Structure formats: structure tokens, C-alpha cells
2 protein chains.
Amino acid sequence: MKGSTVRNPSRAAELFHALADPTRLEILDELKEGECCVCELTDRLQAGQSRLSFHLKVLKDAGMIVDRREGRWMYYSVNADALAELDDLVDSLKQAKRARRATGCC
Amino acid sequence: MKGSTVRNPSRAAELFHALADPTRLEILDELKEGECCVCELTDRLQAGQSRLSFHLKVLKDAGMIVDRREGRWMYYSVNADALAELDDLVDSLKQAKRARRATGCC
DNA sequence: CTAATAGATCAATGAATCTTGATGCATAAA
DNA sequence: TTTATGCATCAAGATTCATTGATCTATTAG
């Protein structure tokens with residue numbers, strides 16, 4: 001198991017940050033239907049090209065998506081590993097590893 | 001089922017934004033072990049009082065945690081509903097509802 | 001009542017983000 | 001080679017965020 005990311009607040013924050021924007025969530029919502037190029041996203045999402053490019057970069061830097069060049073088009077798609085990582089992260093927010101706090105306060 | 005939040009990018013972004021900060025993730029990491037007051041968090045997290053208060057407010061406004069007053073102490077704990085909501089959100093990033101895109105690009 | 005304590009809130013500063021329009025760089029068509 | 005297209009990147013401005021120290025409020029102890 002990887003496990004390292006779950007214990008790393010900065011990495012976790014980076015991943016959650018990538019998801020903390022409506023435009024980026026809409027991008028992911030499109031990409032989950034399959035690979036897609038920027039020009040198509042521009043159509044679907046009513047967003048300017050440089051704006052999309054900016055958000056795609058955030059998602060890519062965080063590892064949420066991967067890209068592939070084909071001729072002059074860039075195809076983006078969701079990175080399945082990142083989704084697994086997300087699952088781990090959300091799980092790690094739940095598990096109580098130690099026994100419930102025994103002492104009261106202060 | 002609720003379902004509404006999953007389809008709402010702003011709400012989803014708010015929830016993810018609350019998780020997009022190392023300090024807040026550390027707070028949640030403490031709270032998942034059980035209810036905790038601010039003074040105890042201050043000790044454990046090496047963080048100033050107003051800083052903690054700020055982040056606790058962000059988490060509370062997003063619905064990630066709930067508070068309870070007891071005397072002059074405020075006890076915070078994780079909101080289980082929000083964890084379920086998170087699960088839904090992460091799931092919604094995976095499911096491909098339509099068939100894979102048939103057309104090529106542009 | 002007065003003093004002390006827990007914690008929220010405010011004000012100010014600096015850092016990070018997002019948006020827009022312009023420019024640059026490939027690749028492909030003519 | 002010239003021209004057009006797809007997209008990344010840059011620069012500037014606006015907005016949001018995070019941190020710190022100060023102040024305010026509620027509660028409890030003396």
C-alpha cells in the first residue's frame with residue numbers, strides 16, 4: 001500500500017484544493033465521461049480558453065488528470081490513481097485509530 | 001437519498017475548500033479521535049488561538065464539524081453527515097453516467 | 001462585584017487565487 | 001514557406017485567504 005499520502009497534510013491539501021473550485025469540478029464532471037480536448041471543454045463549459053487552461057494546469061499539477069497530445073490537440077482525462085488516493089483520504093478522515101479520548105478538557 | 005449536493009458544484013467546492021488546508025486537516029485528524037475543545041487543540045497543534053478559531057469557523061461554516069458549549073469551553077467534533085456527503089462527492093467523480101463519448105474532437 | 005479564563009471577532013498586512021486579454025509556440029494545412 | 005489553429009503562458013488587476021495581535025463577550029472563580 002502507498003499510505004504515505006494520507007498522512008501528508010500538504011499533499012492532501014493540494015489534492016483537495018484542486019477540487020475546491022466550481023469550474024474545476026465541472027471539468028472533472030466532463031472528463032469522467034471520457035477523454036476530452038480543450039476546445040470541446042470550452043464549448044461545453046462556456047469558459048474562455050486561457051481560463052480553462054489555467055484550471056487544467058491546477059488539476060494536472062495536483063495529479064487529478066493526465067494529458068496526451070495528438071496532433072495539435074491536447075486530450076485530458078481523469079487519473080484513476082488520484083481517485084483512489086481521494087478515497088483513501090476521505091477514509092482517513094473517518095477512522096479513529098486510538099481509543100476515544102479518555103480525559104476531559106484542559 | 002439527498003443527492004442534491006453532489007450535483008451542486010458550489011456546495012461541493014465549499015466542502016473541498018474546507019479540506020484544502022493543512023491546518024484544517026490536522027484539526028480534523030485530532031477531532032476524529034473524539035470531541036475536543038479549542039484549548040486542547042492549541043496545545044496539540046502548536047497553533048495560536050485566533051488562528052485555530054479562524055479555521056474552526058471555516059470547517060463549521062462548511063458543515064464539516066459541529067460545536068457544543070459546556071461552561072466556558074467549546075467542544076468541537078466531526079459531523080458524520082459531512083463525511084457521508086464527502087463519500088457521495090468522491091463517488092460522483094467516478095461514475096460515468098452516459099456512454100463514453102462517441103465523437104472525436106471538435 | 002471584580003478578576004480571570006475560553007474563545008469569538010475585528011483590523012491590518014501579505015500571500016495566494018482567479019480572470020481577462022495579449023503573446024508565444026507548436027503542429028498542420030495551403 | 002506562409003497561414004491558421006489549438007493551446008500554453010504571461011502580465012495586470014481584482015478578489016479571496018491566512019496569519020497576527022488586539023479587543024470584546026460570556027462564563028466561572030474569588
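Because only heavy atoms are used, hydrogens play no part in the values below, and waters and symmetry mates are left out as well, while side chains stay in. The sequence lines fix the lettering, A, B, ..., with proteins before strands; numbering per chain opens at 1. Computed from a predicted structure; not experimentally measured.
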Engineer: Considering only nitrogen or oxygen atoms on both sides, find all protein atoms under 3.5 Å from nucleotides 3-5 of chain D and state each distance.
Structural biologist:
| unit_1 | atom_1 | unit_2 | atom_2 | d |
| --- | --- | --- | --- | --- |
| D:dT5 | O4' | A:Arg72 | NH1 | 3.1 |

Engineer: Quickly, which of B:Leu52, B:Leu28, B:Val38, B:Ile27 forms a side chain to side chain contact (heavy atoms under 4.5 Å, CB included) with B:Tyr76? Name it, please.
Structural biologist: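 Among B:Leu52, B:Leu28, B:Val38, B:Ile27, the one that satisfies the side chain to side chain contact (heavy atoms under 4.5 Å, CB included) with B:Tyr76 is B:Val38.
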Engineer: Side chains of B:Lys94 and B:Asp91, heavy atoms from C-beta outward: is any pair under 4.5 Å?
Structural biologist: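 Yes - at least one pair of side-chain heavy atoms lies under 4.5 Å apart.
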Engineer: How many whole angstroms separate atom CD of B:Gln46 from atom P of D:dT19?
Structural biologist: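 From B:Gln46 CD to D:dT19 P: 15 Å.
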Engineer: Would you mind reading off the distance between B:Met74 atom CE and C:dG7 atom P, rounded to a whole angstrom?
Structural biologist: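 B:Met74 atom CE is separated from C:dG7 atom P by 8 Å.
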Engineer: Nearest whole angstrom, please: distance from the P of C:dA11 to the CZ of B:Phe54.
Structural biologist: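 About 15 Å, once rounded to whole Å.
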Engineer: Whole Å only: how far is the CG atom of B:Leu52 from the P atom of C:dA8?
Structural biologist: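 Those two atoms, CG and P, are 9 Å apart.
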Engineer: Answer with base, sugar-phosphate or nothing: what part of the nucleic acid does A:Gly71 contact at a heavy-atom distance below 4.0 Å?
Structural biologist: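 Sugar-phosphate, backbone atoms only, no base.
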Engineer: Find the distance B:Asp21:CG to C:dA16:C1' and express it as a whole number of Å.
Structural biologist: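 After rounding, the reported distance stands at 12 Å.
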Engineer: Looking at D:dC7, D:dT19, C:dG7, which one has an atom nearest to any side-chain atom of B:Cys37?
Structural biologist: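 Taking heavy atoms from C-beta onward, the closest nucleotide is C:dG7.
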Engineer: Any side-chain heavy atom of A:Leu89 sitting closer than 4.5 Å to one from B:Val90?
Structural biologist: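 They are not in contact (no side-chain heavy atoms under 4.5 Å apart), so the answer is no.
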Engineer: May I have the distance from B:Asp43 (atom CG) to C:dA6 (atom P), rounded to whole angstrom?
Structural biologist: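 Spelled out: CG on B:Asp43 to P on C:dA6 is 10 Å.
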Engineer: Could you state the CZ-P distance from A:Arg51 to D:dG6, rounded to the nearest angstrom?
Structural biologist: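 Answer to the nearest Å: 19 Å.
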Engineer: Output the single nucleotide from D:dA8, D:dA18, C:dT19 whose closest atom is nearest the side chain of A:Ser53.
Structural biologist: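 The nucleotide sitting nearest to the side chain is D:dA8.
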Engineer: Between D:dA18, D:dA8, C:dG7, spot the one nearest the side chain of A:Gln49, thanks.
Structural biologist: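 Nearest to the side-chain atoms of A:Gln49, counting from C-beta on, is D:dA8.
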Engineer: Can you measure from CG (A:Asp87) to CG (B:Leu86) and round to the nearest 0.5 angstrom?
Structural biologist: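 A:Asp87 atom CG to B:Leu86 atom CG measures 11.0 Å (nearest 0.5 Å).
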Engineer: Answer yes or no: is there a side-chain heavy-atom contact under 4.5 Å between A:Val66 and A:Lys60?
Structural biologist: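 No, their side chains stay 4.5 Å or more apart.
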Engineer: Nearest-Å distance, CD (A:Glu14) to P (C:dA16)?
Structural biologist: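 It works out to 14 Å between those atoms.
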Engineer: Taking C-beta and beyond as the side chain, do A:Glu30 and A:Glu40 meet within less than 4.5 Å on heavy atoms?
Structural biologist: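 The answer is no; the side chains never approach within 4.5 Å.
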Engineer: If you assign each of A:Arg69 and A:Ser50 to its closest nucleotide in DNA chain C, which residue comes earlier from the 5' end?
Structural biologist: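 Mapping each residue to its closest nucleotide by heavy atoms, the 5'-most match is A:Ser50.
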Engineer: Within a strict 4.5 Å, meaning less than it, do heavy atoms of the B:Met64 and B:Asn79 side chains meet?
Structural biologist: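 No, too far: nothing below the 4.5 Å cut-off.
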Engineer: In residues 55-64 of chain A, what residues come within less than 4.0 Å of DNA chain C, judged by heavy atoms?
Structural biologist: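 The answer is A:His55.
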Engineer: Where the side chain of B:Tyr76 is concerned, which of D:dC7, D:dT19, C:dA8 is the nearest nucleotide?
Structural biologist: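 The closest nucleotide is C:dA8.
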Engineer: Which atom names give the shortest non-hydrogen contact between A:Gly63 and A:Ala82, and what distance separates them?
Structural biologist: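 For A:Gly63 and A:Ala82, the tightest heavy-atom pair comes out as O-CB, 3.3 Å.
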Engineer: Which nucleotide sits closest to the side chain of A:Cys39: D:dT20, C:dT20, D:dC7?
Structural biologist: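 Given the options D:dT20, C:dT20, D:dC7, the side chain of A:Cys39 is closest to D:dC7.
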Engineer: For the pair A:Glu26 and A:Arg24, find out whether any cationic side-chain nitrogen is under 4.0 Å from an anionic carboxylate oxygen.
Structural biologist: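 So A:Glu26 does not pair with A:Arg24 through a salt bridge.
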Engineer: Can you list the other members of the hydrophobic cluster that holds B:Phe54, where links are side-chain heavy atoms under 4.5 angstrom apart?
Structural biologist: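 Answer for B:Phe54: B:Val58.
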